2 protein chains.
Amino acid sequence: MLLNEGHNSRMSTLAELLESVRFNDDGLVPVIAQQWDSREVLMMAWMDLPALERTLATGEATYFSRSRGQQWVKGATSGHRQQVRTVMADCDGDTLLILVDQRGSACHTGDRTCFDAITVELEGDR
Amino acid sequence: MLLNEGHNSRMSTLAELLESVRFNDDGLVPVIAQQWDSREVLMMAWMDLPALERTLATGEATYFSRSRGQQWVKGATSGHRQQVRTVMADCDGDTLLILVDQRGSACHTGDRTCFDAITVELEGDR
C-alpha cells in the first residue's frame, strides 16, 4: 500500500516534469549533468522528448546529438555511462539538471569533466 | 615583477578563453552558474560576447536576456548579485561554467536556486 502510494506519487511527478519542460524551437532542452556526491558539474548536453523519456524510463542518461541528429546513450560505446538519480526542472522549465553517478570520464577527451579546458580565475584582481 | 607576470598570465588566459568560446547562431553561449563553495547549481542563462566581456571586466555576472533582447547585470534591480570567481569553458567551447558567490537568491521566484521547481528521484525504482 505504501509502496503503491510512493509509486503513484513518483508517477505524478514524472508527469508534472514532462508537462513542465519547454523544449526550444529545435525540440531540445539543455541538460546539466552533475555528479551527485562530489557536486562536480560534468557536462552540458541536450535532450529531445524521446531522449528524456528514455532517460526517465531506463535511468541511464540519454541525450540528443545535434551534430549527428540522433539519440545517444551516454557511454554506450565508451562504457562511461551516467546512472541518473535525480532529475530537476528549473523555474521556467527550459533547463534540466540531472544528478548522476558518472562511471569513468564524462568528457570524450578522457577528462573527468568537460569543464577543465580553460579556467580563468577572477578573484583577487579587484 | 611577479605581479606583472601573474597579470600577464591572467590576460593570456582571458584571451584564450575569449578565443575558445563558440557562440551559437544567435551569438549566445549557455552559462551555468554554480555557487563556488556549496557547489549548488544555481541557474543557467545566456551571454553574448559583450556580456561575457563585461563579466570578465567587472567580476559581476552579466547575461543576455533573450526575451528582452538586452544585457542584464544579475541582481542589478534585486540586489541578488553574483560575484564571479572562476570562468571555465568546456572541451568544445560551447558552454561556460562560472563559479560565483551568490548574494541572496539566484531565482526570480525568491528561491535560492532555479532548480527546485520539480524534482524527480529515480533511484530505487530499478
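None of these values were measured; they are calculated from a predicted model. Every chain is numbered from 1 and lettered A, B, ... according to where its sequence line falls, protein lines coming before strand lines.
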**Item:** CA sep, side-chain torsions, deciding dist, call: B:Glu121, A:Thr86, side chain to side chain donor-acceptor pair (under 3.5 Å)
**Value:** CA-CA 4 Å; B:Glu121 300 289 345; A:Thr86 309; 2.8 Å; yes
**Step-by-step side-chain contact (heavy atoms from CB on, under 4.5 Å) determination, A:Gln82 to A:Arg103** = CA-CA 6 Å; A:Gln82 288 178 343; A:Arg103 193 177 304 170; over 6 Å; no
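Contacts of A:Leu97 with chain B are made by both backbone and side-chain atoms, with heavy-atom separations under 4.5 Å. Residue contact with chain B, scored on non-hydrogen atoms closer than 4.5 Å, involves the backbone of A:Leu96 exclusively.
Per-residue counts of heavy-atom pairs under 4.5 Å with chain A were compared for B:Asp90, B:Asp101, B:Asp116; the largest is that of B:Asp90. Contact count against chain A (heavy-atom pairs under 4.5 Å) is highest for B:Cys91 among B:Ser38, B:Pro30, B:Cys91.
Side chain of A:Thr62 to main chain of A:Glu60: a donor-acceptor pair is present (N/O by atom type, distance under 3.5 Å, no hydrogens or angles). Remark: the backbone N or O of B:Ser105 is paired with a side-chain donor or acceptor of B:Gln102 at under 3.5 angstrom.
Interatomic distance, OG1 of A:Thr55 versus NZ of A:Lys74, reported as 12.5 Å (0.5 Å rounding). Annotation: the span from B:Arg22 atom CZ to B:Thr95 atom OG1 amounts to 9.5 Å, rounded to 0.5 Å.
Heavy-atom neighbours of chain A within the stretch residues 106-115 of chain B, taken at a separation under 4.5 angstrom, comprise B:Cys107, B:His108, B:Thr109, B:Cys114, B:Phe115.
Here the options are B:Asp92, B:Asp25, B:Asp94, the test is salt bridge (charged side-chain N to carboxylate O under 4.0 Å, His left out), and the partner is A:Arg66; only B:Asp94 passes.
Taking each heavy atom of A:Ala33 and A:Tyr63 in turn, the nearest pair found is CB-OH, 3.7 Å.
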